[in-house]
Amino acid sequence: MAQAVKGTRDLFGNEMKWFQRIEDTARRVCSRHGYEEIRTPILEEIEVFKRSVGESSDIVNKEMYEFMDKGGRHVVMRPENTAGVVRAMIQHKLLVNNDPRLLYYIGPMFRYERMQAGRYRQFWQIGAESFGVASPESEAENLMMLFAFLRELGLKHLNLSINSVGTPECRPAFHKAIREFFQAREERFCEDCHRRIEANPLRVLDCKVPGCQAALAGHPVITDYLDEASRQHHARLKELLTALGIPFEENPRLVRGLDYYTRTAFEVLSSDLGAQSALVGGGRYDGLVKHLGGPEVPAFGWAIGLDRLAILMQQLHGEAPLNPPALLIPLGEAASLKALTLAQDWWDQGLAIQLETRGVNLKKALTSANRQGTRFALILGDSELEKGVVAARNLGAGTQEEWPLEEVPARLRN
RNA sequence: GCGGCUGUAGUUCAGUUGGUUAGAGCACUGGAUUGUGAUUCCAGGUGUCGGGGGUUCGAGUCCCCUCAGCCGCCCCA
């Protein structure tokens with residue numbers, strides 16, 4: 001039997017309902033903060049990711065769905081959406097003036113990874129990016145939006161960690177210090193760390209091997225190496241978050257997986273997700289737009305895993321609420337035609353009505369209506385036709401009464 | 001990419017040291033009731049035991065391969 005490709009899945013039923021709920025909430029919250037939706041192609045030229053995400057990253061090294069298309073273009077199914085959004089901004093010259101540009105996106109991403117609960121090869125992200133503002137205030141605003149979103153979903157057990165990874169100017173001094181620290185106790189670190197210290201020294205800091213964590217005791221702290229502007233920036237953000245009542249913890253070992261971050265980096269972890277606990281990742285990436293060929297524009301943003309959000313929603317709230325439409329059940333040929341014209345009228349008025357069109361007997365129609373969780377079955381037989389009513393049966397209560405046809409819309413709405 | 005575990009009906013699961021016709025609950029289907037579901041009664045097993053190969057007189061059970069999922073690692077959302 002044919003089945004979905006490994007690591008991909010069909011969204012339907014309860015999970016789909018949570019996806020809808022989450023997306024609706026995201027659109028509402030983002031809109032009221034002045035963010036507009038953008039949709040970029042799933043396919044991008046490979047260079048977009050090599051130049052932004054970084055050639056040293058695992059995403060680019062081993063996780064990209066890449067192939068040659070029929071025109072000989074080397075393309076990639078996007079592993080994340082920030083690079084694509086920036087590419088679109090540059091291509092359409094959306095950054096020529098000095099106005100901020102606030103964008104959000106919702107869509108599927110692809111990474112060729114080993115499957116695990118909460119980790120798929122096709123997964124979904126919601127992201128928000130703020131372009132053209134460099135201030136800590138813009139970061140606070142953006143994070144307020146994120147936490148408003150999470151709060152409206154009713155999520156709990158979330159931990160915000162923040163750090164500053166400095167700038168390309170001050171980072172080399174820290175790299176030098178960490179390399180020297182590492183080399184002094186080289187034998188105590190794992191094999192992966194030996195690889196990391198060359199490719200991306202910051203990543204050694206969040207190695208999860210216990211021996212490495214022990215060896216890291218007393219390691220140089222990046223916040224000690226920040227230039228004055230970055231230090232003030234970081235301090236100001238912490239001050240704002242504290243004043244705004246957004247709880248966070250400072251984590252000097254926090255490093256994001258992508259090369260493009262500058263200054264603020266953060267993540268939100270959930271203790272309810274098992275091994276794949278990262279729910280949100282984000283930060284500032286002031287150099288990226290220019291790096292991809294655009295003007296020098298500061299930027300800040302985050303991406304949240306929709307699949308993992310849905311897991312949390314399911315854990316916290318159980319099954320997504322059902323709200324099936326009322327079911328109109330005609331009995332006999334005359335009623336069938338009348339039901340179609342009635343339904344047309346009610347649909348035009350925006351009512352949620354489903355038609356029983358199988359021609360099955362009343363017993364079967366009620367059985368399946370009940371199974372779907374339908375609240376009202378509207379029975380339309382010969383006697384009802386004659387009287388101009390429907391027999392409205394409340395399937396939850398087991399009660400039944402006659403409703404004049406013209407009163408049906410009003411009665412269903414209350 | 002590395003290590004471990006799992007896969008039997010729609011679903012949750014049982015299935016003995018390899019043994020003949022693979023079971024149970026729930027769900028489902030038909031009927032009691034051709035205009036009344038959810039309650040009751042009667043009847044019904046709906047299956048490529050994930051797939052392929054091997055061992056054997058005989059495989060759901062043992063072996064190999066493979067596919068899918070889960071857990072951990074790597075990494076990340």
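Residue numbers begin at 1 in each chain, while the letters A, B, ... track the order of the sequences.
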Between [N] atom [atom2] and [X] atom [atom1], what is the distance in whole Å?
X      : N     : atom1 : atom2 : value
A:L155 : B:A77 : CG    : P     : 18 Å
A:L254 : B:A77 : CG    : P     : 11 Å
A:L146 : B:A77 : CG    : P     : 13 Å
A:Y261 : B:C76 : OH    : P     : 10 Å
A:Q3   : B:C67 : CD    : P     : 11 Å

Listing time: all N or O pairs from protein to nucleotides 70-73 of chain B that are below 3.5 Å?
unit_1: B:C71; atom_1: OP2; unit_2: A:A117; atom_2: N; d: 2.6
unit_1: B:G72; atom_1: OP2; unit_2: A:Q116; atom_2: NE2; d: 3.2
unit_1: B:C73; atom_1: N4; unit_2: A:R119; atom_2: NH2; d: 3.2

Under a 3.5 Å limit for both distances, which nucleotide forms a Watson-Crick or G-U wobble pair with [N], could you say?
N     : value
B:A43 : B:U29
B:U55 : none
B:A24 : B:U12
B:C5  : B:G69
B:C74 : none

Looking only at atom [atom1], what distance separates [N] and [M], rounded to whole Å?
N     : M     : atom1 : result
B:A22 : B:C74 : C1'   : 42 Å
B:C71 : B:G31 : P     : 44 Å
B:G52 : B:U36 : P     : 48 Å
B:G1  : B:G45 : C1'   : 44 Å
B:C41 : B:G23 : P     : 24 Å
B:C76 : B:G15 : C1'   : 42 Å
B:U11 : B:U46 : P     : 16 Å
B:G69 : B:U12 : P     : 16 Å

Donor-acceptor pair, distance only, cut-off 3.5 Å: does the side chain of [X] make one with the backbone of [Y]?
X      : Y      : answer
A:R308 : A:G118 : yes
A:R32  : A:R28  : no
A:Q116 : A:Q276 : no
A:H291 : A:R51  : yes

Legend entry - Of A:R111 and A:K6, the one whose closest RNA chain B nucleotide lies more 5': A:K6
Inset, instruction - Check whether the ring centres of A:Y104 and A:Y35 lie less than 6.0 Å apart, and answer yes or no. - result: no
Inset, instruction - Could you tell me whether the side-chain ring of A:W124 sits stacked on the base of B:A77, using a centroid cut-off under 5.5 Å and a plane angle under 30°? - result: no
Quiz question: by atom type and distance under 3.5 Å, do the side chains of [X] and [Y] form a donor-acceptor pair?
X      : Y      : value
A:T264 : A:E139 : yes
A:S368 : A:R358 : yes
A:S271 : A:N159 : no

Inset, instruction - Kindly indicate whether a cation-pi arrangement holds for A:R121 with A:Y112, taking the cut-offs as under 6.0 Å to the six-membered ring centre and within 45° of the axis. - result: yes
Legend entry - Sugar-phosphate only, base, or nothing, as touched by A:G7 at under 4.0 Å among non-hydrogen atoms: sugar-phosphate
Inset, instruction - Please examine the side chains of A:W302 and A:M145, heavy atoms only from C-beta on, and report whether any two atoms are closer than 4.5 Å. - result: yes
Inset, instruction - State which residues pass side-chain contact (heavy atoms from CB on, under 4.5 Å) with A:P136; sequence neighbours excluded, sorted by chain then number. - result: A:H233, A:R236, A:L237, A:L240
Check nucleotides 29-38 of chain B against the protein and report each pair of N or O atoms closer than 3.5 Å, with its distance, or say if there are none.
unit_1: B:U29; atom_1: OP2; unit_2: A:R371; atom_2: NH1; d: 3.3
unit_1: B:G35; atom_1: O6; unit_2: A:D382; atom_2: N; d: 3.1
unit_1: B:G35; atom_1: O6; unit_2: A:S383; atom_2: N; d: 3.4
unit_1: B:G35; atom_1: O6; unit_2: A:S383; atom_2: OG; d: 3.3
unit_1: B:G35; atom_1: O6; unit_2: A:E384; atom_2: OE1; d: 3.4
unit_1: B:G35; atom_1: N1; unit_2: A:E384; atom_2: OE1; d: 2.8
unit_1: B:G35; atom_1: N1; unit_2: A:E384; atom_2: OE2; d: 3.1
unit_1: B:G35; atom_1: N2; unit_2: A:E384; atom_2: OE2; d: 2.6
unit_1: B:U36; atom_1: O2; unit_2: A:R393; atom_2: NE; d: 3.0
unit_1: B:U36; atom_1: O2; unit_2: A:R393; atom_2: NH1; d: 3.1
unit_1: B:U36; atom_1: O2; unit_2: A:Q400; atom_2: OE1; d: 3.1
unit_1: B:U36; atom_1: N3; unit_2: A:Q400; atom_2: OE1; d: 2.9
unit_1: B:U36; atom_1: N3; unit_2: A:Q400; atom_2: NE2; d: 3.1
unit_1: B:U36; atom_1: O4; unit_2: A:Q400; atom_2: NE2; d: 2.8
unit_1: B:G37; atom_1: N7; unit_2: A:R393; atom_2: NE; d: 3.4
unit_1: B:G37; atom_1: N7; unit_2: A:R393; atom_2: NH2; d: 3.0
unit_1: B:G37; atom_1: O6; unit_2: A:R393; atom_2: NH2; d: 3.0
unit_1: B:G37; atom_1: N1; unit_2: A:L395; atom_2: O; d: 2.6
unit_1: B:G37; atom_1: N2; unit_2: A:N370; atom_2: OD1; d: 2.5
unit_1: B:G37; atom_1: N2; unit_2: A:L395; atom_2: O; d: 2.3
unit_1: B:A38; atom_1: O4'; unit_2: A:N370; atom_2: ND2; d: 3.1

